[in-house]
Number of protein chains: 2
Amino acid sequence: MPENEDATPALTREALTQAALRVLERDGLDGLSMRKVAAEVGVKAASLYWHVRNKQELLDLLSDAILASAEPPPRQDDWRAELYAYSASYRRLLLDNRDAARVVAGRLAPGPCLLNLMEDQLDRLRTAGFSDADTAMASYLLGAFVQGFVLQEQSPISAAEVLGTSRRDVADAAGDLFRGLPTDQYPNLSQLADHLTGPDMDARFDFCLNRVLDGLAALLPPERR
Amino acid sequence: MPENEDATPALTREALTQAALRVLERDGLDGLSMRKVAAEVGVKAASLYWHVRNKQELLDLLSDAILASAEPPPRQDDWRAELYAYSASYRRLLLDNRDAARVVAGRLAPGPCLLNLMEDQLDRLRTAGFSDADTAMASYLLGAFVQGFVLQEQSPISAAEVLGTSRRDVADAAGDLFRGLPTDQYPNLSQLADHLTGPDMDARFDFCLNRVLDGLAALLPPERR
DNA sequence: ACCTGAACACCGTTCAAGT
DNA sequence: ACCTGAACACCGTTCAAGT
């Protein structure tokens, strides 16, 4: 029965995925090439195509590997606090892995890790009192919202940022731009400049997530909110 | 004063942007190369770097060009209906331009078109009764939400879809997968399979947007909701 | 001021050939 | 069964050189 008697860990899809994860961390998604992943495992690029159909499939594996380190927050008999913690920790996970949002976004090829997370989240929504239909939709909303938010947060804001300008500097520059607009043509932009560019991403996330949770709460009968 | 006396339209950034737009429509974002854009305007790739710092900057221009066809919905003295229409038409615009969400997402290098849209949307939020701080944040929330949603909607769902499988087929396959899971380990996923994979993207968008709008409404004093 | 040729250092993928 | 060499058809970007 033992198909692999020697200790040398044959080149598996698992090993490939881990190598891809290291390359992603080191060089980012734009620097992630089949050639580099191959080099990382000590093999030539062409060899990868024996284990994996193409680069897309490797990215599917990578996506699930990123989710592997996700940990659901503790149960605490307060659906709203749980879902808040859930979304915040999902955001943290995406922020902590380089370009993670871009890798994961829209890639709903459900790997085992994603399945476990979904199962757990669905359970909390149902016990909170949401109907089956609402539970399914709410789960989609939360996933799409967090991924969308972090995607904005993590992606290069413009050509400027690629060239080394920090996020804060870009925001400040936008603030100056807004303030400098003609007040007759752009009264709102110029007046709201501070509010538009002041809040950092943590504050924005908090605001947005609370609005989404308010919206979900409105689906519940008043006594369960 | 006339710097360009002959009628031949010199190679401008504008012309470049329009060419890029055509290449995007034809070949998608992954097929959009500097070489192809150059060919589209009858020039060699190296020439582009006279007009534009790099590809990122061309993508910034492209992003604003996509927004150029956006039209704010009519005023109708109902903030909720207006914002619904706003978001729905923004989604439409992104869906109608190939890979538009990927081009626009996170690229807040505010071009003139985006500025005009923001100004208009801020105005509606303020007259609806939102505070200045809430107006700024609500505008961010709506933009991030729609972009995040369409990004999921438009991006290849997995290696499978790249190989020609339709979105509906992928969803159906996911449904079969969910239903086939062991009911003791995945009770929620298996029971909610239909709800999770049934609704099409229009229904999902409608649900999610209404939750977001409910959440925003909760910020207003009751009489203005 | 604007464009080109040629080069540099890369890509993803295929496929016959090796072991 | 698994890996390689070599090739194909591409990339973004730079830079001396042309006009």
Side-chain angles (χ1 to χ4, degrees), chain A residues 1-17 19-20 23-24 26-62 99 102-103 107 156 158-164, chain B residues 1-17 19-20 23-24 26-62 99 102-103 107 156 158-164:
Chain A
M1 274 324 170
E3 292 177 337
N4 187 18
E5 296 203 48
D6 52 352
T8 60
L11 187 46
T12 60
R13 287 159 69 95
E14 180 59 29
L16 231 62
T17 309
V23 176
L24 181 68
R26 196 200 321 131
D27 301 330
L29 183 55
D30 293 332
L32 180 82
S33 70
M34 297 297 268
R35 286 165 148 94
K36 283 192 199 161
V37 174
E40 183 76 20
V41 293
V43 101
K44 302 295 175 179
S47 313
L48 301 189
Y49 291 83
W50 179 263
H51 303 276
V52 116
R53 190 183 303 269
N54 53 25
K55 191 179 179 181
Q56 281 297 320
E57 191 176 299
L58 183 56
L59 290 176
D60 283 353
L61 295 172
L62 192 53
D99 288 338
R102 278 168 73 200
V103 174
R107 196 174 298 275
S158 74
E161 202 183 29
V162 172
L163 300 176
Chain B
M1 274 322 169
E3 293 176 337
N4 188 18
E5 296 202 49
D6 52 351
T8 60
L11 187 45
T12 61
R13 287 158 69 93
E14 181 58 30
L16 232 61
T17 308
V23 176
L24 181 68
R26 195 198 323 128
D27 301 331
L29 183 55
D30 293 333
L32 179 81
S33 70
M34 296 298 267
R35 286 165 148 94
K36 283 193 199 161
V37 173
E40 183 77 18
V41 292
V43 102
K44 301 295 175 177
S47 313
L48 301 190
Y49 291 83
W50 179 263
H51 303 275
V52 117
R53 189 184 302 271
N54 52 27
K55 190 178 179 181
Q56 281 298 319
E57 191 174 301
L58 183 56
L59 290 176
D60 282 353
L61 294 172
L62 191 53
D99 289 337
R102 279 168 72 199
V103 174
R107 196 174 298 275
S158 74
E161 202 183 30
V162 172
L163 301 176

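Basis for what follows: all heavy atoms, side chains included, without hydrogens, waters or symmetry-related copies. In what follows, chains carry the letters A, B, and so on, assigned in the order in which the sequence lines appear, proteins first and then strands, with residues in each chain numbered from 1.
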side-chain contact (heavy atoms from CB on, under 4.5 Å) between D99(B) and D30(B), intermediate numbers included: CA-CA 9 Å; D99(B) 289 337; D30(B) 293 333; 5.8 Å; no
Hey, which sits more toward the 5' end of DNA chain D by its nearest nucleotide, R35(A) or H51(A)? H51(A)
Give L32(A) one of three labels, base, sugar-phosphate or nothing, depending on what nucleic acid heavy atoms sit under 4.0 Å from its own. sugar-phosphate
Of the listed nucleotides dT4(D), dT13(D), dT13(C), the one nearest the side chain of S47(A): dT4(D)
Roughly how many Å apart are dC10(C) and dA9(D), using the P atom of each and rounding to a whole number? 22 Å
May I have the distance from D30(B) (atom CG) to dA9(D) (atom P), rounded to whole angstrom? 21 Å
Once you round it to whole Å, what is the distance between P of dC11(C) and CE of M34(B)? 19 Å
Any salt bridge linking D60(B) with R53(B)? Criterion: basic side-chain nitrogen under 4.0 Å from a carboxylate oxygen. no
Please report the closest heavy-atom contact between A19(B) and E40(B), naming both atoms and the distance. CB-CG, 3.6 Å
Distance test, side-chain N/O of K55(B) to OP1/OP2 of dG12(D), below 4.0 Å: yes
Any idea which of dG12(D), dC11(C), dC3(C) is nearest the K36(A) side chain? dC11(C)
Among dG5(D), dT13(D), dC15(D), the one nearest K44(A) by side-chain distance: dG5(D)
Taking only the side-chain heavy atoms of A46(A) (C-beta and beyond), determine which of dC11(C), dT4(D), dT4(C) contains the nearest atom. dT4(D)
With a 4.0 Å limit, can you tell me whether W50(A) has a side-chain N or O closer than that to the phosphate oxygens OP1/OP2 of dC3(D)? no
Within the structure shown, what part of the strands sits under 4.0 Å from L48(B) by heavy-atom distance: base, sugar-phosphate, or nothing? nothing
Nearest-Å distance, CD (Q56(A)) to P (dC11(C))? 17 Å
Closest to the Y49(B) side chain, choosing from dT13(D), dT4(D), dT13(C): dT13(D)
Write down the atom of E57(B), the atom of H51(B), and the distance for their closest heavy-atom approach. OE2-O, 4.4 Å
Give none if dC2(D) has no partner; otherwise give the nucleotide forming a Watson-Crick or G-U wobble pair with it, both distances under 3.5 Å. dG18(C)
Output for pair (L62(B) CG, Q56(B) CD), nearest 0.5 Å, gives 11.5 Å
Opposite nucleotide pairing with dA7(C), Watson-Crick or G-U, both atom distances under 3.5 Å: dT13(D)
